[in-house]
Each structure stands twice: as structure tokens, then as C-alpha cells.
Amino acid sequence: MEETSEILQHRIDKLKKLKEKNINPYPYSFKRTHTSAEIIQNGEKIEGEQTEVKAAGRIVSLRLHGKSLFAHLQDGSGKIQIYVKSDEVGQDKFGLFDLFDIGDFLGVSGKVFKTRTGEITVRVTDFVLLAKSMLPLPEKWHGLQDKELRYRQRYVDLIVNEDVKKIFIFRTELIKSLRRFLDDSGFVEVETPVLQPLYGGAFARPFTTHQNALDINLYLRIADELYLKRLIVGGFDKVYEISKSFRNEGMDRNHNPEFTMLELYQAYADYHDIMELYENLLNYAATQVLGTNRFEFDGNQIDLTPPFKRIPILESIKEHTGADLSDKNEEETKKIATELNVKENLNRPKGKLIEAIFETKVQPHLIQPTFITDFPVEMSPLAKYHRDKPGLTERFELYIGGCEMGNAFSELNDPQDQRERFQQQAELARRGDDEAQVLDEDFIRALEYGMPPTGGLGFGVDRLVMVLTNTHSIRDVIFFPQMRPEE
RNA sequence: GCGCCUUUAGCUCAGUUUGGUAGAGCAACUGACUCUUAAUCAGUGGGUCGCAGGUUCGAGCCCUGUAAGGCGCACCA
């Protein structure tokens, strides 16, 4: 049997007293005339007038003065101060505040006035309890600090930490502006399966699940790519999807097992066209949401004015290390990696070694938006061979503030080549790479019907939100980040 | 996976070089107070010190294990 805490017991007693007074602590609705923000916005205009306003919200502060009181009500738009006087609402009714607590929802009617200190306030003539709160809110000036509690009980975090809500509203506005740009550019927003019989389009371990009706195992998608390209085959010229993907891998401040990706595909375009599209998309979205295309991330001023710098990956390595890897074999590349003091596992194919050198020696320096292009073919099984450079593909990644912000290519549309790339992946899988991509016969069949030349792009929306809001943990841009269950 | 750190009242935190009756502020409760806003004033209650062991006459503190979380590294398009 659980012992009832002192505070909870007080609230249970208050609830009982309310019911004895025939007051429903959980009534059904309240007709507002104004939000708190609207009252404050129109405050000067309606102040002193006879117009009655009705507002509602959660009591977040309460200052009792015997026969009068001040409180703040918090609603979705902000906070509004209310002033309640015993002789205006009646002594009995005023006494109800003995049964109210910070955290309760209240609906009030009254006229707007300005206090001596200049704050727009509702002088309450009537009020009604809208919902009783049974648990105390965190303390008023330190708020809720404990990260574990903030993530597990995001609802409390949102009540008491104003900036948290701002980030999530920013997130929504950003996604809206991304949609607006793509919609206005003739892209069609589509939906493709989350539950897939095969997974593909990225290197990652999937989550698996089971469908009872068909008695088959299914995977939660790790990317939308292969289905969106099927739609290009089907005759859509420009498609995009904003959706959750799921990767069964480690979690840290840049990775949550489920995250939001935006993928887009454009027929008759190559990766040069996609670079242009992407830099314009980012410049537009940032300007729409921030009001400017310049912002601070991690102590650096970032400027999103197109065009972004473009540099092939091997040249970027040469620039930052002096090492020219273009004509080196696996053994020589390994030697160079060792000399460069790259501390990662070096017993890997050349492509992986290049990646490792790039990540440690180049990536941290890519502060201003930079397209890194022309990746080795073994790292890019869904990208077309480079039209002039053997062994490389027409692929780019964007980096901003040292963070990877997307991946794109001239999409491979040669079905025979695609089959060979899948077979190479199968070889990697046999050698123990559990993130190698699996052969998708139906996807190859789609390519065999013919896919036009196509440029495609995918990027993590969460990370874009992080960079634009100068946030350093993905958990701060996802409402309910993955946590171990309590107890 | 490895290393470091955190865990004490509803919340934010103290708790000492050297183990000796569990502390503060806010929140709560009682009373006073009709323009306050960290309201003020007087008083009161509230603890399985994450959990389990160990050392000790005695552990919030020392030791071992364990759980959750954070940070860094590794892994990871």
C-alpha cells in the first residue's frame, strides 16, 4: 500500500471540499473571448473600457493579500495577470481560492486595466475552476533542471521552461517553411510504407517486427529512398516525404532511434541541380523562420547565402592534411591514416579509411556550409558513377557547423549496375558488415522498367533544427526522446 | 562497450580538512495583510539520503555491487 504524500493528501482534501460545495473540479468547457496574448496585445486599446474579456489558463503564480490577490494564468499563447478582489466577486466566492493551487486551471471574466506598475491585468468579476491539479509544479525560479525528469515528464518541462516550447514551435515553423518551398517548387508530398518487407536506402541496422495476419517479419524503415524512387519510375517528376525513420543503433546527443528525415527526388536532375536546390531550400527556410539567413551555432556565425562552397572529398583531405589519396591503394591509404594519427579501426576497405580520415581531419573544420562531393564508390551503392572520375560517385554531403546535414546523389538508374552494387553489399555482409544493404529485387525490377535521370536528397530534420536553434542535443529538439522505461 | 560525474524533502541545492541526532530556499500547512509580481510578516509540518550488501560502537559521508541519468570517447552515413 502506497503512502499518500502530505501534498497530495492536502489536494485530495481540497477536492472533497469542492465537491461538498457542489463545484465540479473537472467541468466540460469554457468559452474564451481572448487568449492571454490577445489581451496583452490589445491591452492599451481595451484598457479601462467596459468590454468584458474571458480568459482561461493554468495558475502559475499566486499572491494572496487577504481580501485580494494577484495571479498569473498561463495559456497556449503566454501569461496574463489577473486581479481578484473580495468585494468584487463576493466574500464566499473569494474564499474558494483557499481550495485552489498553483497548477489548477481557471476561467475568468472581467475588464482589462493596467496596474500601478504598468502590467495589463484582468480585474476579475467572475471565475470558474476548469481543472484541479493534484501534483505540485517545480519551484518557480529554478524551474525543472533535472534532465532525466525534463525528458521523461516533458509535460512539466513545457509548463515551467518557456524556452523549451519555443524550440518546438520553431521546429514546427521550420517544417512548414520546408514544405512551402517544396510545394511551391512543384514537389508532390507523398507517403510510403513505414513497415517494409526489406529495408534499404541507408547503412543501418533495422528494427524488426511481425505481422500476424500474414505471418511475416517486417522492418521499420531506415530510409524512404527506394520507395520514393519507385514513384519516380511511376511517373512523378518531383516527390518528397517528411517522416520518421528508425535505426537500431547507439544513442547519443546526435542520434535518437527514431528521427525525422526529409527525402526528395527530382527527375531529370543531377547532383549539381540538387546542390542548388538544397542551398536555396535552406536559405529560404532559415530566412522564413529566423528572419535572416545568418545565425550562431556553437560560437560561430553561420551564413547561408548561396552558393555554398563545393569541394571534392579527396581535395578536402588534401587541403587539411596535405595527403593526396587519389591514386593510393588500400595499403597506402592505411599507412597515411596511421601517419595522420587517425585513431579508428584501420583494418577496413579504402572507402572506409577515407571516411575515417575525413571525419577526424576535415569535418570539424567545415563550419560554413560546405558541399563535400565525389565519394568513393564503395561507400555509395545507390549513387551513379562519376561521369569523369573513375572510382568515384556523383554524391555530396552538406556540412554546417561541423555537422553532417544531408546526403545526396545523382541516383543510380542502371538496373544492371544497381544489381552489381547490391551484390558487392552482399559480399560485405558475408564478411560481417551487419549494416550492408540487402538486395531488393522489386526495386531492381522497377529500375528495369526505366527510371529517368534523377537527383535525390535526404537530410535529418532534427539536426537542422539543432543547428538553427544552437542546440547541442537531439533530445532537446524531440518532444519525447527515447529513454529506458522507469523501474 | 569504456572512462568520468550525478542521485539527499514536491523542486533547486548545502551537508566541511577528519564518520558522531538530516539542513536551507522555494513549494505545502496555520494566521495577518484590498495594486502584488522572487509580494511581505509570524508560526508549523514534511526525509527508506537511488537500491542492495560490507566496514564500524556508530555511515548521507568510507568500501563493494547494482540501477537510472548526464558528459566524453568508441561504435554509427
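All chains are named by letter (A, B, ...) in the order of the sequence lines, taking the proteins before the strands, and each is independently numbered beginning at 1.
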Enumerate the protein-to-nucleotides 43-45 of chain B contacts in which both atoms are nitrogen or oxygen and the separation is below 3.5 Å.
{"from": "B:rG45", "atom 1": "N2", "to": "A:Glu6", "atom 2": "OE1", "distance (Å)": "2.6"}
{"from": "B:rG45", "atom 1": "N2", "to": "A:Glu6", "atom 2": "OE2", "distance (Å)": "3.4"}
{"from": "B:rG45", "atom 1": "N3", "to": "A:Glu6", "atom 2": "OE2", "distance (Å)": "3.3"}

Using a cut-off of 4.0 Å on non-hydrogen atoms, how would the nucleic acid contact of [X] be classed: base, sugar-phosphate, or nothing?
| X | answer |
| --- | --- |
| A:Arg11 | nothing |
| A:Asn254 | nothing |
| A:His65 | base |
| A:Arg484 | sugar-phosphate |
| A:Leu64 | base |
| A:Ser380 | base |
| A:Thr115 | base |

Phosphate OP1/OP2 of [N]: any [X] side-chain N/O under 4.0 Å:
| X | N | result |
| --- | --- | --- |
| A:Arg247 | B:rC76 | no |
| A:Arg205 | B:rC76 | no |
| A:Lys14 | B:rC29 | yes |
| A:Lys140 | B:rA39 | yes |
| A:Arg253 | B:rG72 | yes |
| A:Arg63 | B:rU36 | no |

State whether the distance check finds a donor on one side and an acceptor on the other, under 3.5 Å, for side chain [X] versus base [N].
| X | N | answer |
| --- | --- | --- |
| A:Glu119 | B:rU36 | no |
| A:His142 | B:rC11 | no |
| A:Asp87 | B:rU34 | yes |
| A:Glu148 | B:rG70 | no |

For [N] and [M], measure between their [atom1] atoms and round to the nearest Å.
| N | M | atom1 | answer |
| --- | --- | --- | --- |
| B:rA9 | B:rG23 | P | 14 Å |
| B:rU34 | B:rG15 | C1' | 43 Å |
| B:rU48 | B:rC61 | P | 16 Å |

Out of [options], whichever nucleotide has its closest atom nearest the side chain of [X]:
| X | options | answer |
| --- | --- | --- |
| A:Met483 | B:rU36, B:rG69, B:rC29 | B:rG69 |
| A:His10 | B:rU36, B:rG70, B:rC29 | B:rC29 |
| A:Tyr83 | B:rC71, B:rA68, B:rU34 | B:rU34 |
| A:Glu139 | B:rU34, B:rU12, B:rC35 | B:rU12 |

How are the rings of [X] and [Y] set relative to one another: parallel (under 30°), tilted (30 to 60°) or perpendicular (over 60°)?
| X | Y | result |
| --- | --- | --- |
| A:Tyr278 | A:Phe459 | parallel |
| A:Phe97 | A:Phe100 | perpendicular |
| A:His365 | A:His320 | parallel |
| A:Phe113 | A:Tyr83 | tilted |

Point to revise | NZ/NE/NH1/NH2 to OD/OE distance under 4.0 Å, A:Asp440 and A:Arg230 | key: yes

Take the protein atom [atom1] of [X] and the nucleotide atom [atom2] of [N], then report the distance between them rounded to whole Å.
| X | N | atom1 | atom2 | answer |
| --- | --- | --- | --- | --- |
| A:Lys67 | B:rA32 | NZ | P | 8 Å |
| A:Arg116 | B:rA39 | CZ | C1' | 12 Å |
| A:Leu135 | B:rA27 | CG | C1' | 13 Å |
| A:Gln9 | B:rA27 | CD | P | 22 Å |

**Study point:** Test item: side-chain donor near acceptor, A:Ser77 and A:Ser36, under 3.5 Å
**Key:** yes

Check your understanding: Of A:Arg310, A:Lys389, A:Lys384, which meets salt bridge (Lys or Arg N to Asp or Glu O under 4.0 Å) against A:Asp374?
Key ->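 Of A:Arg310, A:Lys389, A:Lys384, salt bridge (Lys or Arg N to Asp or Glu O under 4.0 Å) with A:Asp374 is met by A:Lys389 alone.
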
Close N or O pairs between protein and nucleotides 4-6 of chain B (under 3.5 Å):
none

Check your understanding: Can you list the steps and then say if A:Leu99 with A:Lys21 is a side-chain contact (heavy atoms from CB on, under 4.5 Å)?
Key -> CA-CA 11 Å; A:Leu99 304 178; A:Lys21 290 176 183 289; 4.0 Å; yes

**Study point:** Stepwise ring-ring contact (aromatic ring centres under 6.0 Å, His included) check, A:Phe358 with A:Tyr399
**Key:** CA-CA 12 Å; A:Phe358 172 78; A:Tyr399 287 85; 5.3 Å; yes

**Study point:** Aromatic A:Phe127 / basic A:Lys93 pairing, under 6.0 angstrom, 45° off normal
**Key:** yes

Check your understanding: What are the two closest non-hydrogen atoms of A:Pro376 and A:Ile354, and how far apart are they?
Key -> CG-CD1, 3.7 Å

Practice item. Can you tell me which stems RNA chain B forms, taking runs of 3 or more consecutive Watson-Crick or G-U pairs with both distances under 3.5 Å? Key: B:1-7 with B:67-73, B:10-13 with B:23-26, B:28-32 with B:40-44, B:50-54 with B:62-66

**Study point:** Near-ring test A:His272/A:Phe371, centroid separation under 6.0 angstrom
**Key:** no

